[in-house]
Amino acid sequence: MKRLITLTALSATLAAALMTSGCITVIDAGDSDGVNWNGQNAQPFEASKEACEAVHGDNSNSTGFITCMAEKGWTRD
């Protein structure tokens with residue numbers, strides 16, 4: 001019984017650690033379509049967005065914009 005309790009506690013701790021392992025989600029309130037962006041080891045979101053908008057315009061649905069954001073570490077949900 002003691003092993004079962006220990007195993008259960010360890011499993012819960014591992015699950016919590018995996019769920020919070022360095023992934024960032026940004027819901028950009030300025031996006032008219034409310035797109036979620038996720039970044040792992042990504043450049044700062046606002047700076048990335050501004051740089052991509054300067055090159056590709058403010059259409060966050062364009063292939064160029066999405067590719068630019070991906071190069072900076074950001075992907076969509």
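Only this structure's heavy atoms are used, side chains among them; waters, hydrogens and symmetry mates stay out.
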Can you tell me how far the OG atom of Ser62 sits from the NE2 atom of His56, to the nearest 0.5 Å?
7.0 Å
Identify the two heavy atoms, one from Ala42 and one from Gly73, that lie closest to each other, and give their separation to 0.1 Å.
CB-O, 3.4 Å
Shortest non-hydrogen contact from Ser48 toward Pro44:
OG-O, 2.9 Å
For Ser60 and Trp37, work out which heavy atoms get closest and say how close.
O-CZ2, 4.4 Å
NZ-CD distance between Lys49 and Gln43, expressed to the nearest 0.5 angstrom:
16.0 Å
Only one of Asn36, Asn38, Asn61 clears side chain to side chain donor-acceptor pair (under 3.5 Å) with Arg76; which?
Asn61
Output all residues satisfying salt bridge (Lys or Arg N to Asp or Glu O under 4.0 Å) with Glu71, sequence neighbours left out; order by chain, then residue number.
none
